[in-house]
Amino acid sequence: MYSGWGRCLSACLSENQSNHLMALAPQQPSLYASVLVDCPAASEAYTYQVPAGWCLQGGEVVEVPFGSQVVRGIVLEVLETVAPSVDPQRLRSLLEVVDQQLFPKDYWALLEQIATYYCTPLIQVVRTALPPGVLGRSQRRVRLRRQQGIPPLSEQGQHLLRFLQTKGNGDYSVRYLQQQLPKVERALAELERLGLVETYLAAPASQQPKQQQAVILLNSEGETLTQRQRQILRYLQQQGRDCWLQEVVKATGTTAQTLHRLAAKGYIAIVEQQHCRIEQGVAVTPDRPKALTPAQATALQAISAHLDCAQTFLLHGVTGSGKTEVYLQAIAECLGRGRSALLLVPEIGLTPQLTDRVRARFGERLLVYHSGLSEGERYDTWRLTLMPQPRVIIGTRSAILLPLVGLGLIILDEEHDSGYKQDQPQPCYHARTVAQWRSRQQQCPLILGTATPALSTWQAVQTGQIQILSLPQRIHATPLPPITLVDMRQELHRGNRSMLSRPLQDALGNLQGQQAILFVPRRGHSTFVSCRSCGTVIYCPHCSVSLTGHLFGEEMEVLRCHYCNYSQAVPQRCPSCASPYLKPFGGGTQRVVSELNRLFPQLRVLRFDSDTTQRKGAHRRLLAQFAAGEADVMVGTQMLTKGIDLPQVALVGILAADSLLHLPDYQAAERTFQILTQVAGRSGRGTHPGKVILQTYVPQHPVITAVKAYDWDTFATQELSSRAPLGYPPYAQLILLRLSGPDAEEVAATAQAIAQQLQTLAPVSQGEWEVLGPAPAAIAKIAGRYRWQILLKGKLERVSNLSPALMHLKEQCPRSTRLSIDVDPLNFL
Ligand code: ADP
Ligand code: ZN
Ligand code: ZN
């Protein structure tokens, strides 16, 4: 566990490491620093001399020499002595302090916790957390020197010189030259020896707070003022604050010169001020807190009573039940106590309305943080969260890694969303897990809001670790739309082979000017095999996940479990009913659109999926088009479920519910319930309840019947009781090792070797952990890389017994094979 700020990871250097270090230091310095350097080759801390007279603290970003480079690093600790095995004379010196006070002390403990739990080197966690541009590496560069006359040169030397001379000062990075010219090293050495060029180290570019001119009003009355000048002073007076010079020029139609004249006369002062580059939202009209419903009031009271505790709450309520209003009022209380609140959302581009609502309530106290910001914006937002002023920060998963001084409340909206988990690169952290740690560290509450909780959250409610707050009804008391199931087996019997069932076709033909949404789940890249006559799907006998069809050429011949590697041939006939209609499942949005065009040429159709929403702002635009009635039907994927407030829709059609149900994933049922419930909730959000038509081959499946009845409790109880005997989360813990590489045999052999080695570990032989696989991943090849995986299944809270061994596995992989460790994986494809 954490042992205090600045714990030294390895104060002493091994023989091997000290080879990097050159003798330096003429005088006897008395302080040393252990530094975590940002270099892939360096996994431990290195010790450096602190130049005399420096006042250095843990957590500062410094520049240090490392091998032949200059790299950035973070001071872990300032030491007065070094280990006896280290000769202080041989230590190199720190070069420069780059950035100070970049995070508070307890923040470091959080990063260490992430590194340990997620089996990731600390520096990699630091790199993920810090805003871009803080760390970085220097570049070795070359430039021409002035020279009279050119001495005789080798052919390669001449070639390089000519190359350099084509650009003014011949300034290039050595790496670039190496890529452009063969055998450039020798030629470079020759030119350098002859004094024709010099090489130098260029420091990494730094992020600096930006300075900008501001106008301060000193005196607004005077005899000698012109009309124009009076106007400017009146404007400043009205603003009641310092204004940016550019802003004044624009707003009053004046010039910078006029302002400088006013400054010379002593009416205003013009000064340089730090200008924070933060995302400015669209202007919104301010709004006021609403009078709460009794259920909302009860929820808010419970939260208010725990504002100084690390209590986790589940705010459980369907879309439209008033969760956001509870968040906003809880945030207001938190700010009132002088602390900041963090509101996390799965994806910011998909939730513009939420951001607008927070801005309307809290105005300039709002900060937005996500990976779409510019580097400057991220750096400045980071710095602002170090200040003690209470603020509201709204952001995506990475915002949980902000320093957040004075944090008093954390909220995860749509807490079940898998967007909160990082799949790659490591650390594969889950924002909810990290939020729980922060809540304990800061003694502040954590609110998880959703209509469809993650089963792990629900289980924690059952065991009393999480307190549930329910909002049982929609605010405007519109009932949930009734769901009609259509048995697609019957459709086939009746001779309808279209993707659109008769009842759905009837409903589409009878829209009468109202709008419809057709939901087509994104088909994973993998395929399961199902019987069109009876709905049977072929599952692994050991793992309770569907088998994945592997293609050989055009034909699907083998079905394989990608958890345990069980395999079998594709049967010719259905094992249940002997029907020959045993087929891989699927059909995308495009096919549905063309089917619609064929059957209903009069309907105007919009497609809403990852293809049509790639461009910035495309989401908003497509939704606005639909809201404006420019289309009758919107055909979309999972994207439809992401917190979007769709306009009034009379009909929701769910085309291929089964493709979610039978994904090769132990969480398939949970995901299906969540997604189908969310999609169904898109219907009838105005005054009409609307209706939902759900097409399936397995209408009797417990997940489908629970969705039809909106019965979360029954579903959750059933699903939890089926996971317990199989040893799946939340009753056990999983770690997924993913291997990939361009050489199929090498990846497979490495996976075998690693799995065998894992078997010999004590926690495995003692039965705490079980090794499943290796097996090819469900998507066996991506971008020319073959993929294998090993699944570790263990008792709860035993990751730490295994993590030290896992951290060393990478050293055993051949160069071209990549290994990544995913603790608590959500994505198995
Ligand atoms: P959720 O976050 O659960 O989807 P919202 O907080 O967005 O629910 O509430 C749904 C709608 O009801 C919003 O338009 C919101 O402004 C409104 N609303 C929420 N609480 C109240 C209330 N107590 N009184 C009146 N309107 C409310
Ligand atoms: Zn069958
Ligand atoms: Zn299996």
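Numbering of ligands and ligand atoms starts at 1, following listing order. Just the heavy atoms: all of them, side chains too, but no hydrogens, waters or symmetry mates, feed the values below.
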Could you tell me whether Ile475 and ligand 1 have an N or O pair separated by under 3.5 Å? no
Gln296 and ligand 1 - part of the residue with a heavy-atom distance under 4.0 Å: side chain
One residue to check: Val318. Relative to ligand 1, which of side chain, backbone, both or neither has a non-hydrogen atom less than 4.0 Å away? backbone
contact_flag Gly320 ligand 1 heavy-atom lt 4.0 Å: yes
Any luck finding a side-chain donor-acceptor pair between Glu325 and Tyr327 under 3.5 Å? no
Can you name the nearest heavy-atom pair linking Tyr728 to Lys793, along with the distance? CE2-CE, 3.9 Å
For Ala291, the ligand 1 atoms whose distance to one of its heavy atoms is below 4.0 Å: 22 (C), 23 (N), 24 (N)
Residue pair Pro445 / Leu307, side-chain heavy-atom distance below 4.5 Å: yes
With the Zn ion (ligand 2) at the apex, how many degrees lie between SG of Cys534 and SG of Cys531, rounded to 10 degrees? 110°
Crowded around Gln700 CD? As in, over 12 foreign heavy atoms under 6.0 Å? yes
Side chains of Ser470 and His316: any donor to acceptor distance under 3.5 Å? no
Where the Zn ion (ligand 2) is the corner point, what angle links SG of Cys574 with SG of Cys577, to 10°? 110°
Are side-chain N/O atoms of Glu333 and Ser304 paired as donor and acceptor at under 3.5 Å? yes
Under the salt bridge (charged side-chain N to carboxylate O under 4.0 Å, His left out) test, residues paired with Glu768 that sit two or more places apart: Arg798
How about Glu415 and Thr457: does a side-chain donor come under 3.5 Å of a side-chain acceptor? yes
Residue pair Ile410 / Ala435: nearest heavy atoms and the distance that separates them: CD1-O, 3.6 Å
State the atoms of ligand 1, each with its element, that fall below the 4.0 Å cut-off from a heavy-atom position in Thr324. 1 (P), 2 (O), 6 (O), 7 (O)
Within the 4.0 Å heavy-atom cut-off, what Glu325 brings close to ligand 1 is both
Is it true that Arg357 lies under 4.0 Å from ligand 1, counting heavy atoms only? yes
What protein atoms of element N, O or S are positioned under 2.8 Å from the Zn ion (ligand 3)? Cys540 SG, Cys543 SG, Cys561 SG, Cys564 SG
Heavy atom of Leu471, distance to ligand 1 below 4.0 Å: no
Would you indicate whether the side-chain heavy atoms of Ile475 and Gln296 approach each other to under 4.5 Å? yes
Between His306 and Gln301, does any side-chain donor sit less than 3.5 Å from a side-chain acceptor? no
